[in-house]
Peer 1: 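Mind looking over this structure? Questions follow.
No experiment lies behind these values; they were computed from the predicted model shown. One-based numbering, in listed order, for ligands and for the atoms of each.
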Amino acid sequence: MHPELDAWRDYPIKQQPNWPDAAHIERVRAELTKLPPLVFAGEVDRLRDRLASAAAGEAFVLQGGDCAETFAGATADKIRARIRTILQMAVVLTYGASMPVVKMGRMAGQFAKPRSKDIETRGDETLPAYRGDIVNGFDFTRDARTPDPERILRGYHTAASTLNLVRGFTTGGFADLREVHEWNQGFARNPAMARYEALAAEIDRAIRFMAACGADFQSLRDVEFYVGHEGLLMDYERPLTRIDSRTDLPYDTSAHFIWIGERTRGLDEAHVEFFRHVRNPIGVKLGPTTTPEMMMQLADALDPDREPGRLTFITRMGAGNIREALPPLLEASKREGITPLWITDPMHGNGITTPNGYKSRRFDDIVDEVKGFFEAHRAAGTHPGGVHVELTGDDVTECLGGSEFIDEATLESRYETLCDPRLNHMQSLELGFLVAEELRRSS
Ligand SMILES: O=C[C@H](O)[C@H](O)COP(=O)(O)O
Ligand SMILES: C=C(OP(=O)(O)O)C(=O)O
Ligand SMILES: [Mn+2]
């Protein structure tokens, strides 16, 4: 049954761990196959519809969360703060776009990381690189860095409890529009955020207007919230891929949305081969070396039927490249008649290492890439459909700049990420306001 789901095994594959014990990983795969799905196929279908609206310019997508979720970070406080940040940004974006915002966390499964090097050397010791909590530990010891299959089961259970809380927060009253608006008012009162005061005041007036018209705020207490992660670790994704009893079609039930990373999107490689067979909406990261031919080959492989909402291109060009690299792709998409959802990831093309040794990103570069994304779409007449960011709800110091002027020396005070630098709570809200301004200009 469904032999196509194992065809990827005959293709070259990148970025997988070297499990030390073949029998152990086999046992874990067998166990994971028996555990319940994390999401329901009907939810996945609904997300595909929502993404189809965004691709058609009738909705906007906000995807955000950690670069690398950790098991230790799956606490109520941290999950709440992240959800809160995304909801706060979403309200502002909804106003800016005058459109529904599709809210999606890089959450409840964003545990596996592709790395530029397989190994890490410190002093005279060389160990396997950290590949995310679902593979190995971050501590620089041989024991921690040795891939451990039991981590896959812990990843599954951590994803399940995270998703449970996400569902609770987003349907139990926490996401109430009036509440979220109140949080944003607090943000706008911060003197450092004076630049956004006017927009915040407009939103406040709009909400008062809604109230005066008798809007049913009770019906706005619940929000749809989806989860997605990079589909990378095949020993997790394949066992969680199940056949939907309603349709007899395969769904990867580890998340609603799966994207294929920049390093694993090779056309004749295992990830594209596998994910082309699942019904989930699929994203693909497109870096600055992507040619229109490559883009079209990916569209043909992953979305041969040109199904609305099926395919998302997440461009991550870098602020210095986007104005040259994106327009040819947009022109080719028009020429070829494809209408993918276009999302900007202004994080992964803008990495730097500071002189004091931190992996960081400049807030200004992130904003500049977002602006370049909107400019390119305005010029091409295509739809800028969403943003994808690495963020946290905590007051970390990982990205440089923003209204709080985080500088290089400050990075060391709260640098907590185990992989890439994230926008902190304030920087995320600030970006939300800036994107809302761009959306207004585009509408
Ligand atoms: O999140 C993305 C990648 O995993 C990350 O940028 C890779 O970082 P590295 O270059 O430190 O391996
Ligand atoms: C690995 C990531 O990005 P990319 O594949 O674009 O480098 C990521 O989103 O964390
Ligand atoms: Mn990352």
Side-chain angles (χ1 to χ4, degrees), residues 13-17 61-70 73 82 104-122 126-136 138 140 145 227-233 237 255 257-266 269 271-272 275 282-290 294-295 298 312-319 321-322 325-326 329 342-354 357-361 365-366 369 373 386-392 396 398-399 415-423 428:
I13 188 162
K14 291 189 181 136
Q15 300 283 348
Q16 306 303 293
V61 178
L62 171 62
Q63 267 186 309
D66 290 323
C67 174
E69 279 186 288
T70 61
R82 243 176 300 152
M104 205 191 313
R106 280 178 67 111
M107 286 175 83
Q110 178 51 33
F111 294 121
K113 296 311 302 172
R115 299 311 303 255
S116 13
K117 296 200 192 83
D118 280 337
I119 49 170
E120 182 181 346
T121 301
R122 292 191 199 172
T126 296
L127 294 174
Y130 171 66
R131 288 190 165 275
D133 272 14
I134 201 164
V135 172
N136 57 1
F138 184 73
F140 196 71
R145 288 293 173 94
V227 295
H229 61 258
E230 178 173 349
L232 180 70
L233 182 64
E237 306 302 339
F257 181 84
I258 295 285
W259 74 86
I260 304 174
E262 169 74 357
R263 295 166 179 78
T264 50
R265 61 170 167 75
E269 294 175 9
H271 289 86
V272 170
F275 287 109
I282 299 293
V284 191
K285 293 288 196 89
L286 298 181
T289 58
T290 313
M294 268 181 223
M295 177 189 82
L298 285 165
T312 298
F313 284 136
I314 307 171
T315 62
R316 30 88 86 216
M317 302 298 184
N321 300 320
I322 184 150
L326 185 55
L329 302 183
W342 294 98
I343 290 187
T344 175
D345 161 1
M347 314 298 290
H348 288 91
N350 293 310
I352 56 166
T353 303
T354 60
Y358 289 96
K359 260 174 95 170
S360 190
R361 293 161 174 153
D365 291 340
I366 293 167
E369 175 148 3
F373 174 78
V387 288
H388 177 122
V389 281
E390 291 184 337
L391 60 76
T392 167
V396 300
E398 297 171 4
C399 289
Y415 191 95
E416 296 178 3
T417 182
L418 300 193
C419 197
D420 289 337
R422 304 159 294 179
L423 297 174
S428 303

Peer 1: Check Val396 against Glu416 and note the closest heavy-atom contact, atom names and distance.
Peer 2: CG1-OE1, 3.8 Å

Peer 1: When you measure from the side chain of Lys113 to the backbone N and O of Cys67, does any donor-acceptor pair fall under 3.5 Å?
Peer 2: yes

Peer 1: Any N or O on Lys113 sitting closer than 3.5 Å to an N or O of ligand 1?
Peer 2: yes

Peer 1: Between Glu120 and Arg115, does at least one N-O distance fall below 4.0 Å, as a salt bridge requires?
Peer 2: no

Peer 1: Specify the protein heavy atom at minimum distance from atom 10 (O) of ligand 1: its residue, its atom name, and the distance to 0.1 Å.
Peer 2: Ser116 OG, 2.2 Å

Peer 1: Would Gln110 count as being in polar contact with ligand 2, using the rule that some N or O on each side must be under 3.5 angstrom apart?
Peer 2: no

Peer 1: Is Arg82 salt-bridged to Glu69, going by a charged N under 4.0 Å from an acidic O?
Peer 2: yes

Peer 1: If only atom types and distance count, is the side chain of Arg361 paired as donor or acceptor with the main-chain N or O of Pro421 below 3.5 Å?
Peer 2: yes

Peer 1: Relative to the heavy atoms of Arg263, which atoms of ligand 2 are at a distance of less than 4.0 Å?
Peer 2: 7 (O)

Peer 1: Who gets closest to atom 6 (O) of ligand 2 by heavy atom: Met347, Arg316, Glu390, Glu262?
Peer 2: Arg316

Peer 1: Tell me the closest heavy-atom pair linking Phe140 and Leu127, and the distance in Å.
Peer 2: C-CD1, 3.7 Å

Peer 1: Between Glu230 and ligand 2, is there a nitrogen or oxygen pair with a distance under 3.5 Å?
Peer 2: no

Peer 1: Identify, by atom number and element, the atoms of ligand 2 in contact range of Arg106, meaning under 4.0 Å from any of its heavy atoms.
Peer 2: 8 (C), 9 (O), 10 (O)

Peer 1: Kindly give the atom name of the N, O or S atom of Glu390 closest to the Mn ion (ligand 3).
Peer 2: OE2

Peer 1: Applying a heavy-atom cut-off of 4.0 Å, say which part of Glu230 lies close to ligand 1: side chain, backbone, both or neither.
Peer 2: neither

Peer 1: Of the non-hydrogen atoms in Lys359 and Asp420, which two are nearest, and what is the gap between them?
Peer 2: NZ-OD1, 2.9 Å

Peer 1: In terms of residue, atom name and distance, what is the protein heavy atom nearest to atom 8 (O) of ligand 1?
Peer 2: Lys359 NZ, 2.9 Å

Peer 1: Check the side chains of Gln15 and Arg131 for a donor-acceptor pair under 3.5 angstrom, ignoring hydrogens and angles.
Peer 2: yes

Peer 1: Side chains of Thr315 and Met295, heavy atoms from C-beta outward: is any pair under 4.5 Å?
Peer 2: no

Peer 1: Does Thr70 offer a backbone N or O that forms a donor-acceptor pair with the side chain of Asp133 under 3.5 Å?
Peer 2: no

Peer 1: Establish, from distance only, whether the side-chain atoms of His388 and Arg316 form a donor-acceptor pair under 3.5 Å.
Peer 2: no

Peer 1: Identify the heavy atoms of Ala255 and Val227 that sit nearest to each other, and give their distance.
Peer 2: CB-O, 3.7 Å

Peer 1: Tell me the protein heavy atom at minimum distance from atom 8 (C) of ligand 2, and give that distance in Å.
Peer 2: His348 NE2, 3.0 Å

Peer 1: Out of Lys113, His229, Arg265, whose heavy atom sits nearest atom 10 (O) of ligand 2?
Peer 2: Lys113

Peer 1: Cut-off 3.5 Å, side chains only: do Glu369 and His348 have a donor facing an acceptor?
Peer 2: no

Peer 1: Where does Cys419 meet ligand 2, judged by heavy-atom distances below 4.0 Å: at the side chain, the backbone, both, or neither?
Peer 2: neither

Peer 1: Under 2.8 Å from the Mn ion (ligand 3), can any N, O or S atom of Cys419 be found?
Peer 2: no

Peer 1: To which protein heavy atom is atom 3 (O) of ligand 2 closest, and what is the distance rounded to 0.1 Å?
Peer 2: Lys285 NZ, 2.9 Å

Peer 1: For atom 2 (C) of ligand 1, what is the closest protein heavy atom, and at what distance to 0.1 Å?
Peer 2: Asp420 OD2, 3.0 Å

Peer 1: Can you tell me which N/O/S atom of Asp420 has the shortest distance to the Mn ion (ligand 3)?
Peer 2: OD2

Peer 1: Using a 4.0 Å heavy-atom cut-off, which part of Cys67 comes near ligand 1: side chain, backbone, both, or neither?
Peer 2: side chain

Peer 1: Which protein non-hydrogen atom lies closest to atom 3 (C) of ligand 1, naming both residue and atom, and how far is it?
Peer 2: Pro114 O, 3.5 Å

Peer 1: Looking only at N, O or S atoms, which one in His348 sits nearest to the Mn ion (ligand 3)?
Peer 2: NE2

Peer 1: For ligand 2, which atoms have a heavy atom of Gly261 less than 4.0 angstrom away?
Peer 2: 5 (O)

Peer 1: List ligand 1 atoms under 4.0 Å from His348, heavy atoms only on the residue side.
Peer 2: 1 (O), 2 (C)

